[in-house]
There are 2 protein chains.
Amino acid sequence: MSPAVPPCSSQPEESPKRTAILGAGALLFMREGYDGTSMDAVAKEAGVSKATVYAHFTGKDSLFAAIVGERCAAIAAEAEAMAAQAASADDALREMGRVWMRFLLQPESLAIHRTVIAACTRFPDLATAFYEAGPERGRRWLAGHLAEEQRAGRLRGGVDPFLAADHMMGLLRGETYLRCILGGPTPDAAAIGAVVDRAVAAFLRAYGPPGA
Amino acid sequence: MSPAVPPCSSQPEESPKRTAILGAGALLFMREGYDGTSMDAVAKEAGVSKATVYAHFTGKDSLFAAIVGERCAAIAAEAEAMAAQAASADDALREMGRVWMRFLLQPESLAIHRTVIAACTRFPDLATAFYEAGPERGRRWLAGHLAEEQRAGRLRGGVDPFLAADHMMGLLRGETYLRCILGGPTPDAAAIGAVVDRAVAAFLRAYGPPGA
DNA sequence: GTCTATATACAGATAGAC
DNA sequence: GTCTATCTGTATATAGAC
C-alpha cells in the first residue's frame with residue numbers, strides 16, 4: 001500500500017532529539033510517575049520544545065508506552081548479561097542470587113516497578129509486557145538452570161523446576177523487596193549478601209539432594 | 001492555652017458527612033490512585049459540596065493521609081480476625097496460608113498496595129506506617145506462632161522465627177502476588193489452595209523437624 | 001457547617017511561521 | 001522537524017452568602 005521505504009536509511013528511531021526525549025521521559029516517568037510527569041517537563045528536560053515532542057509521539061500515553069517498551073528490552077538484555085555473569089561462578093546459586101538481588105533492588109529497577117504497578121489499571125498491556133520481559137523471563141531462565149542442576153544430581157529430582165524457581169525467587173525477595181518497593185533504604189552489598197545466603201540455605205534444605 | 005474542651009461531646013470524627021467523605025475518598029483513591037482522584041469527584045461521590053470537603057480536611061494530601069491511616073487500622077483489625085480464624089484450625093500452617101493469601105489477593109488489598117507503592121516517594125511516612133501495620137505486623141504475628149511450633153517440636157529449633165516467617169511469606173507470595181499486583185487475574189480459591197499447598201510443603205522441608 | 005460561584009494555575013494538545 | 005504562542009479543559013483551593 002505505502003511506497004517502497006528507503007532501504008535502511010535514517011529511521012525515526014535514530015533521531016538525536018527523539019533519543020533525548022526518550023531519555024528525559026524515562027528519567028521523569030520513573031522519578032515522578034505517570035501523572036507526576038508533564039509534557040512540559042519532558043520537553044524542558046530534553047532541551048526541545050513541546051511541539052517537537054508531539055511531532056515524535058502522538059501523545060503522552062504513546063510516549064509512556066514507548067519508554068516502558070524500551071525498558072522491557074533493556075531489562076531482557078540485562079538479564080542475559082546477569083545470566084552469563086552468574087552461571088559461570090563456582091558457588092552458582094549464591095552468586096546468582098546476589099547478582100539478581102542487586103539488580104532488583106537498585107533504584108532504577110524499583111522505580112520502573114513502581115511506575116508500572118501504579119499504571120497497570122490504565123495500561124494493562126504494558127503491565128503484561130513488563131511481567132513477561134522481567135520476572136517471567138527470569139523465572140524461565142532460572143528454571144532451565146535448576147533443571148540442569150537436577151540432572152547433575154545437585155538438586156533433588158521429581159519436582160517442577162518452574163515451581164522451584166518460583167520458590168527460590170520468593171525466598172530471595174521476601175520482606176526486603178517489599179520494604180524497598182515501599183521506599184525504604186536500599187540495603188548495601190553486605191546486607192544483600194546475608195539475605196541471599198539465608199535464602200539459598202533454606203532453598204537447599206527444601207530442594208537440595210535428599211541425602212544432604 | 002485553649003479553653004476547656006467539652007467532655008467527650010460531638011467530635012469531628014463522628015460527623016456523618018465526614019464519614020461519607022472518607023468513604024468516597026477511600027473508594028476513589030484505591031480505584032483511581034492519588035493523581036487520578038480529584039476533589040470534585042470525592043465531593044460528588046460523597047454527595048456534598050467541595051467546600052465541605054475543605055471544611056473537614058485542609059487539602060487533598062490531608063484527606064489522603066487520613067484515609068490511608070484509617071486503612072492501616074482496618075488492616076490491623078483484619079489481621080487479628082485472620083489470626084483467630086487460622087490459629088484454631090487443625091492443619092494450621094496450610095489454613096493460615098490460605099486465609100492470608102485470600103486476604104492479600106482480594107482486589108481491595110491489591111488496590112491499597114498499588115496506591116501506597118505509587119505514592120511512597122511523595123508520602124514516605126504513610127508508606128512506613130502502612131508497612132508497619134500490614135506486612136511487618138503480620139510477620140511478627142507469624143513469627144510468634146512459629147516460635148510456639150518450634151517449642152512444641154513441630155518445627156526444627158535453632159533458627160530465627162522471624163527469618164522463618166519471612167521465608168514462609170516469600171514462598172506464599174511468589175509469582176502469584178507479583179502477577180496480581182501488576183493487574184493480572186485474581187486466582188480463585190482452588191488455585192490459591194494449590195499455591196499454598198506447594199509453598200507449605202517446601203517450607204516444611206526447609207523448616208520442619210529434622211527427622212521428617 | 002454547608003452551599004454556589006469563582007480565582008488561579010497548569011495540564012495536554014495544536015496552529016502556524018520558518 | 002522545530003519553534004513560539006495559544007486554545008481548551010480541568011485541577012486545587014477559596015470567597016462570601018446562609
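Nothing here was measured: the structure is a model prediction, and the numbers come from that model. Lettering of chains follows the sequences in order, A, B, ..., and the numbering in each one begins at 1.
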Partner set under ring pair (Phe, Tyr, Trp, His ring centres under 6.0 Å) for A:F130, not counting sequence neighbours: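 Testing A:F130 for ring pair (Phe, Tyr, Trp, His ring centres under 6.0 Å), a comparison that skips the adjacent residues, returns A:H113.
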Which residues satisfy the ring pair (Phe, Tyr, Trp, His ring centres under 6.0 Å) test with A:Y34, sequence neighbours excluded?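 A:Y34: ring pair (Phe, Tyr, Trp, His ring centres under 6.0 Å) contacts with A:F29, A:F64, A:F123.
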Calculate the interatomic distance between A:K44 atom NZ and D:dC3 atom C1'; express it in whole Å. 17 Å
Is the phosphate of C:dG1 approached by B:T52 (side-chain N or O, under 4.0 Å from OP1 or OP2)? no
Examine C:dC3: is either OP1 or OP2 under 4.0 Å from a nitrogen or oxygen in the side chain of B:S49? Give yes or no. yes
Could you give the side-chain donor-acceptor pairs of residues 185-205 of chain A under 3.5 Å, partners two or more places apart or in another chain?
| unit_1 | atom_1 | unit_2 | atom_2 | d |
| --- | --- | --- | --- | --- |
| A:D188 | OD1 | A:A190 | N | 3.3 |
| A:D188 | OD1 | A:A191 | N | 2.8 |
| A:R205 | NE | B:A206 | O | 2.5 |
| A:R205 | NH2 | B:A206 | O | 3.2 |

Is the shortest side-chain heavy-atom distance between B:R94 and B:R98 below 4.5 Å? yes
Listed pairs under 3.5 Å, donor-acceptor, residues 66-78 of chain A side chains, sequence neighbours left out:
none

Side chain to side chain donor-acceptor pair (under 3.5 Å) involving A:D61 - partner list, sequence neighbours excluded: none
Please name all residues satisfying side chain to side chain donor-acceptor pair (under 3.5 Å) with A:E175, sequence neighbours left out, ordered by chain then number. A:R179, B:Y131, B:R139
Does the protein touch nucleotides 11-18 of chain D at the base, only the backbone, or not at all? Give it as B, S and - per nucleotide, heavy atoms under 4.0 Å. SBBBB---
Would you mind listing every ring pair (Phe, Tyr, Trp, His ring centres under 6.0 Å) that reaches into residues 72-107 of chain B, with sequence neighbours excluded?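 Listed once each, the pairs would be none.
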Mind running a 4.0 Å heavy-atom check of residues 117-127 of chain B against DNA chain D and sending the residues that fall below it, in number order? none
